[in-house]
Amino acid sequence: MLTILFSAPDALWNQYEEVLPAALSAKRVDGTLVRDADPAAVDYIVYAPNDRLHDFTPFTKARAVLSLFAGVDRIVGNTTLTQPLTRLVDPGLAEGMVEWVTGQVLMHHLHLDRNLGAAPHWVQNAPPLARDRRVTLLGLGELGMACADMLRALHFDLRGWSRSAKDAPFPTSHGTDGLKQALDGAEIVITLLPDTPDTRNILNAESLRWPARGAVVINPGRGPLIDDEALLAALADGRIGHAVLDVFRVEPLPADHPYWAHPRVTVSPHIAAVSRPTSASLVVAENIRRSEASEPLLFLVDRSRGY
Ligand code: NDP
Ligand code: OXD
């Protein structure tokens, strides 16, 4: 019988304590899910960022650490972690992200909030069709590509940027040299990148000049992707028209942060996409099954890339 340690905040335990054991049974994995155990007896660690587990050294028998998050920035640089680390690629997570991103894009494309609670004011200012709206996706991974599929289905004039070259059905560029090309003239910019040393402050005083004047920035990726001072300056002089921010350097966003009161910033409390316990548990259980069967793990994190 395997010992599977669930190392995550209490709120997640409440969501997973029944569905994860059910998924293990469905995958015919003989294991017990526990909240606490002698580290030397633990076979697998199911992990989400928490205040208890920082040192993986005592987990001498653990064969893998399975993240319940897609983004592993809080754990990937932990030098005590020597076991293979997998991240979450979950259809439920991707579906949620597609809905959130598409909702935000349509909101700003169509100016759906323009007449909310407005006084009598009849101005017929129809938006362009989506095909005439340039949208740029920074990050063309699991979530970026899922969003790209939906935005393309709506006919947005899409551009994309990633680390490596992509063969995509829309124009893409890659690497540091390709960033300007991707952002040039963008009216809506979506950041779905991981937080790594290479992506930190990717939207900064220089790159925030490249989109179209008044562009909307939508960040469901990670807070450090944006240089906050540069964004506030770009909002102040109108180069950026609005920012929709779901993630921040410090979470929860401190009450005195200028973003809260800014009339052209939408603060969202890191809910763009959440791991869905039923589908996420099947992914975790499948990886434990694979490990026990000496099959390759799915969604292994590349430590050298940081994602
Ligand atoms: P993936 O690893 O599948 O994709 C990451 C993408 O970023 C890839 O296209 C990758 O390029 C690109 N990338 C990484 N580094 C660079 C770089 N230096 N330059 C250019 N492109 C780069 O991740 P996911 O799509 O699954 O998730 C993306 C992020 O979304 C997560 O890391 C997490 O931070 C965030 N997230 C936020 C959630 C929320 O609720 N707000 C929920 C879930 C995730 P390449 O394809 O060449 O490798
Ligand atoms: C994730 C997240 O990375 O929810 O999965 O942010």
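One-based numbering along the sequence shown. Counting starts at 1 for both ligands and their atoms, in listed order. All values below were derived from every heavy atom in this structure, side-chain atoms included, with hydrogens, water molecules and symmetry-related copies excluded.
At the shortest separation from atom 48 (O) of ligand 1 among protein heavy atoms lies Y307 OH, 2.6 Å. Here the heavy atom of the protein found nearest to atom 33 (C) of ligand 1 is R222 NH1, 3.6 Å. The protein atom (non-hydrogen) at minimum distance from atom 40 (O) of ligand 1 is A273 O, 2.8 Å. In this structure, the protein non-hydrogen atom closest to atom 11 (O) of ligand 1 is R163 N, 3.2 Å. The single protein non-hydrogen atom nearest to atom 9 (O) of ligand 1 is L140 N, 2.8 Å, given as residue, atom name and distance. Protein heavy atom nearest atom 28 (C) of ligand 1, with residue, atom name and distance: L192 O, 3.6 Å.
No part of M97 comes within 4.0 Å of ligand 2, judged by heavy-atom distances. In W161, the part holding a heavy atom less than 4.0 Å from any atom of ligand 1 is the side chain. The residue V89 has no part lying near ligand 1, judged by heavy-atom distances below 4.0 Å. At a heavy-atom distance under 4.0 Å, atoms from both the backbone and the side chain of L193 approach ligand 1.
Against a heavy-atom cut-off of under 4.0 Å, V247 is close to the following atoms of ligand 1: 41 (N). Of all atoms in ligand 1, listed by their number and element, those nearer than 4.0 Å to a heavy atom of A70 are 43 (C), 44 (C). When each atom of ligand 2 is checked for a heavy atom of A273 under 4.0 Å away, the hits are 4 (O). The ligand atoms of ligand 1 that sit less than 4.0 angstrom from a heavy atom of M97 are 37 (C), 38 (C), 39 (C), 42 (C). Each of the following atoms of ligand 2 lies closer than 4.0 Å to a heavy atom of A70: 1 (C), 3 (O), 5 (O). The ligand atoms of ligand 1 that sit less than 4.0 angstrom from a heavy atom of D198 are 18 (N).
Judged by the shortest distance from any of its heavy atoms, T196 lies outside the 4.0 Å radius around the atoms of ligand 1. Under a 4.0 angstrom heavy-atom cut-off, H270 registers as being in contact with ligand 2. Residue R87 places a heavy atom less than 4.0 Å from ligand 1. Remark: distances from the non-hydrogen atoms of D195 to ligand 1 are all 4.0 Å or more. Distances shorter than 4.0 angstrom do not occur between any heavy atom of H174 and any atom of ligand 1.
We find the CG-CG distance between L143 and L193 to be 11.0 Å, quoted to the nearest 0.5 Å. Note that CD1 of I190 is 5.0 Å distant from CG of L151, once rounded to the nearest 0.5 Å. The CG atom of N287 lies 5.0 Å from the OG1 atom of T86; values are rounded to the nearest 0.5 Å. Once rounded to the nearest 0.5 Å, the distance linking CG of L66 with CZ of F299 reads 11.5 Å. Rounding to the nearest 0.5 Å places CG of L137 at 5.5 Å from CG of L158.
Between T199 and ligand 1, not a single N/O pair is under 3.5 Å apart. For ligand 1, the polar-atom distance check against D73 finds no nitrogen or oxygen pair separated by under 3.5 Å. Distances between N or O atoms of L93 and those of ligand 1 include no value under 3.5 Å. The shortest N or O to N or O distance between S164 and ligand 1 is under 3.5 Å. Ligand 2 has a nitrogen or oxygen under 3.5 angstrom from a nitrogen or oxygen of G71. Between G141 and ligand 1, an N or O atom pair is found at a separation short of 3.5 Å. For ligand 1, the polar-atom distance check finds an N/O of L143 within less than 3.5 Å of one of the ligand's N/O atoms.
Using a cut-off of 4.0 Å between Lys/Arg side-chain N and Asp/Glu carboxylate O, R276 and E95 are scored as not salt-bridged. For the pair R289 and E292, the salt-bridge criterion is not met [side-chain N within less than 4.0 Å of a carboxylate O]. Ion pairing between D157 and R134 holds under the 4.0 Å rule for side-chain N and carboxylate O. Salt bridge status for D10 with R35: present, with a side-chain N to carboxylate O gap under 4.0 Å. Salt-bridge annotation for R28 and D30: absent, with no side-chain N of the basic residue lying under 4.0 Å from a carboxylate O of the acidic one.
When the shell of 6.0 Å around CE of M145 is examined, it contains more than 12 heavy atoms from other residues, nucleotides or ligands.
At a threshold of 4.5 Å between non-hydrogen side-chain atoms, the residues R222 and P194 do not count as touching.
The aromatic rings of H242 and H108 are tilted relative to each other, their planes meeting at an angle between 30° and 60°.
Which of K166, R74, H270 comes nearest to atom 45 (P) of ligand 1 through a heavy atom is settled by distance: it is K166. Residue nearest to atom 39 (C) of ligand 1, selected from P220, P194, S162: P220 (by heavy-atom distance). Around atom 35 (C) of ligand 1, the closest heavy atom drawn from G221, G144, G71 belongs to G221.
Apart from F59 itself, the hydrophobic cluster it occupies contains L5, V34, V42, I45, Y47, L53, F56, V65, V72, I75, V76, L81, L85, V301, where clustering links Ile, Leu, Val, Met, Phe, Trp and Tyr at side-chain heavy-atom distances under 4.5 Å.
Side-chain atoms of N201 do not come within 3.5 Å of backbone N or O of N204 as any donor-acceptor pair. Judged by distance alone, the side chain of E251 and the main-chain N or O of F248 form a donor-acceptor pair under 3.5 Å. Put simply, the side chain of S67 gets close to the backbone of F69: a donor and an acceptor are under 3.5 Å apart.
At a threshold of 4.5 Å between side-chain heavy atoms, the hydrophobic network of Ile, Leu, Val, Met, Phe, Trp and Tyr places L297 and Y307 in two separate groups.
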